[in-house]
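Accompanying notes for the structure given below.
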Amino acid sequence: MDAWRDFIRGDWCEKIDVSDFIRRNYTPYYGDASFLSGPTERTTRLWEHVKMLLKIEQERGGVFDVDTTRASSILSYGPGYIIKGTDIILGLQTEKPLVRALNPFAGFRNAEQACRAYGYEIDERVRQEFSYRTTHNQGVFRVYTDTMRKARHAGILTGLPDAYARGRLIGDYRRLPLYGMDRLIAEKQRDRRIIGERDMTDENIRLLEDIARQLEFMNALIEMAAQYGRDIRRPAECAYEAVQWLYFAYLGGQKEQNGAANSIGRITAFLDIYFERDMKEGTLDEAHAQELIDDLVIKLRLIRHLRTPEYNELFAGDPVWVTVSEGGTGTDGRTLVTKTSYRMLNTLYNLGPSAEPNITVLWSKNLPRPFKEFCAKVTLDTNAIQYENDDLMCSIFGDDYAISCCVSALREGREMQFFGARCNLPKVLLMALNGGRDETEGLQIGPVGEVFPEGVPLDYDKVVERLKFYLSWMARLYVNTMNVIHYMHDKYAYERLIMSFHDTEPNRLMAFGVSGLSVLADSLSAIKYAKVTPIKDERGLITDFITEGDFPKFGNDDDRVDSIAAWITEYFYNELKKTPAYRGAKHTLSVLTITSNVVYGKKTGNTPDGRRAGEPFAPGANPMHGRELEGALASLNSVAKIDYNFCRDGISNTFSVTPGTLGSNTAERAEKLAAILDGYFAQNAHHLNVNVLNRQMLIDAMNDPTLYPNLTIRVSGYAVNFNKLTRDKQLEVISRTFHDRM
Amino acid sequence: MIVHSIESLAALEGEGLRCAIFLAGCPMRCAYCHNPDTWDPRAGREYTPEDLFRKIKRYEPYFRAAGGGVTFSGGEPLLQAGEIVRLGRLLADENISYTIDTSGCVELDEDVKAAVRGAELVICDLKFPDAGTFKEYTGGDFSRVLKFLDFLAAEKIRTWARTVIVPGINDKEEELDRYIEVLRPYVDSGAVEKYQLLGFHTMGFFKYEKLGIKNRLENTPALPAERLSDLQGYVNDRLKTPSPAIL
């Protein structure tokens, strides 16, 4: 059968260009959700079985089982099924659902600790095998300087991917169904010939090795699919095959590496083309189109990686960020919403709310109104989706970008990201006041500087001058640390399959991050507008402050302090850019913490804004809770002032509002929620996580998890099952501002 | 203007997304008041109409998205009617509309007349249906409310009426019949579009303690949501008014 029958031909036939294929062939959908189908009897049966397994996983402390007999790779496991004969979309990471694979390539010790945390020991043969090879982790620590180690130890830089895979990549998995692996291999071989004609510089040698490694795993994926009786050498010929091929491509990447947040991309407009064609040919009806998406989503909800307790501290709730991007507007002005966008959202009804896949709606003022209101309704019913500003991102990334992880935009298949960590901004301030010493352990980390005198109120200009000095120093250290990590990652834990679904010479971004922005902004505001007097301890370190008088606080749409938050991000970004990034990557910055704001807070002493040592920071770019005095929209307006041009890796804002604040019935609430999103994004704000719930419900769920077993809430850039959070994180979520009416 | 507080997301205080400005000062002493902290006319921050206008203008993107605007509440906003008129002119220049949420128990002077004429909508309380209970529970003069409603009707200013339902005071159908009697001519003539009941709640009790003011209803429970919904249905049926938001 001709796989491309009835498709409108174009550039995409001559070269790899999925976005051109979509543009020429997709059917925008402007209608409402009334066409959707519920789950088939088969879907419900399969999902009930999975729910039983998920319950066992929870009962076993979060890990169902670990296969410690082999290191995970594309071909290390035979085929796996949930229920053989009942699965439609085939393929599991290991041979049984929820059994976690062992992936020591990025760090053996990390894998070992993760196993031990759940009572497993790595098989002796695997241990032997890895005693002869260098992992990414070993490579990094061979090179880390003393200062890098100290900054890491003190928690000024936290979450560095130096012991597990870096993640954050989105392969253009749509390429496999559209072109088939034979064609993709031929394209890579062509690239190899072209690059082979160049001078053999470091970079060209590296590229040639990249291609060789990619080809090896492209062939392995053919074999993996063959084990399931599928021939992915050729393109997909029908809707089922399109979904299946795409999933195989994604699954192979998940077997190969264990990075956090390797997202699946923007897939539904692409798949919709196959659905429409099959429907026209009379071989697919709505119930079965929905069933394909439901089955794909069941598989995506089963993706697991084995993590250490330290990792879970940073990123609570066992997330994998299978982020799916929906909606948006094409550069030609047509909506990119299709019926399959609705089908994807409908999985939250057919299978119930879930944190994964992390459904991200690319919000544009031009989205069809019925879609806007349907999304808002999904939020009201499930709290499972997040929103990002498509009009803003499209103007920079074009209309075929997708969100990786939480808030990072990447052009599909054309762009990749070197991700890493966050810089703890309030600690940099405390270090600046203490002449380069860390305020908790007293370690000299930065260059030796003057310690501010005790008993003398802090002078704003002087503090800013010293802060800038240490931020500059920090920025250089941060870039250099990331360069070491990604050099070693490419060398020892290169993502062969995922990168094969990228252009051979992708545009590279290096994604930096900051945490505690609102704490730093409020602290500087206190120094500027109130009177802040430092207090020293017996070591001569400034560890506390007397703050007298009131001061403007971030989150009240008050320019006096909001402008401080804005200049900090701009300044830090510009300082990062001064140090060249590995492989010519472009620097980007995020204001995103996931749930790590709790850990960052734990490691940070008293701050001049009145926050006590150990108290959590606000998540992402959020204002500190309890300091927003003029309500929800004032808070949104403050965050909207942080300029995306300096934070192109995303600005995360998590917003909780009680249902009663929005209206008295679902239709009214949906309409008002949609209006809030329109108003927020019209100001070039970037991201909004929305929770519509009552604080009391969370308190009840914390005290008795059986009351709301599927309670899903948005945290910073992703969703979690509330019951999977540790108690300190549950308490932190409960303490956040809930915009409520009196 | 003395502003007690600002609530930038007050979606229920009128139509669309609302930014509510709570103005300080109230001559009434309603037994069920949940904002006794707004009674003192000095309890707030002073703004010029220009400053407040700049603040409100920041919410324009939200107003545009949902057809909302500002709501002046309080306190009794019409105590500062002259300032509302000045601010209203600035808002009108930018096509931002305003709603006034008032007790209606005010002297109809020129400033008050101008302030309500400029409003897109007036939400007027009908706290009690007769002079005796009105005086008893609010300390105010009922005849002023009727004059105020007459003025709104004569000027064809869009109006919603509102009543707080307090258990044990006015939560019986037969008690509501008396409110309906007062409102019927206004509803029949089209002067009052909607009649909205609010449930008494206890979330403002802490303010009485904090301010050291005697709370006359400290032993009164909140009105159950189902009861409010039933009563709202009852008045809708009798007055043939559309169902407003149930708060």
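Order of the sequence lines fixes the chain letters, A, B, ..., with proteins taken first and strands second; residue numbering starts at 1 for each chain.
If you take CD on A:Glu630 and CD1 on B:Ile21, they are separated by 8.0 Å, rounding to the nearest 0.5 Å. A distance of 7.5 Å separates CG of A:Leu633 from SG of B:Cys19, quoted to the nearest 0.5 Å. Residue B:Leu17 holds its CG atom at 5.5 Å from CD1 of A:Ile676, rounded to the nearest 0.5 Å. Rounded to the nearest 0.5 angstrom, A:Asn556 CG and B:Ile6 CD1 are separated by 9.5 Å.
Inter-residue side-chain proximity for B:Tyr62 and A:Gln683 is flagged as met; some heavy-atom pair is nearer than 4.5 Å.
For a heavy-atom cut-off of 4.5 Å, chain B lies close to A:Asn637, A:Lys641 in residues 637-648 of chain A. Contacts with chain B (heavy atom to heavy atom, under 4.5 Å) involve no residue of residues 365-376 of chain A.
With a 4.5 angstrom heavy-atom cutoff, B:Arg58 touches chain A via backbone and side-chain atoms both. In this structure, the portion of A:Leu629 lying under 4.5 Å from any heavy atom of chain B is its backbone and not its side chain. Looking at A:Phe681, there are no atoms closer than 4.5 Å to chain B (heavy atoms on both sides), in backbone or side chain.
Nearest heavy atoms, B:Ser8 versus A:Ala634: OG-N, 2.9 Å. Of all heavy-atom pairs spanning A:Ala682 and B:Pro61, the tightest one is CB-CB, 4.2 Å.
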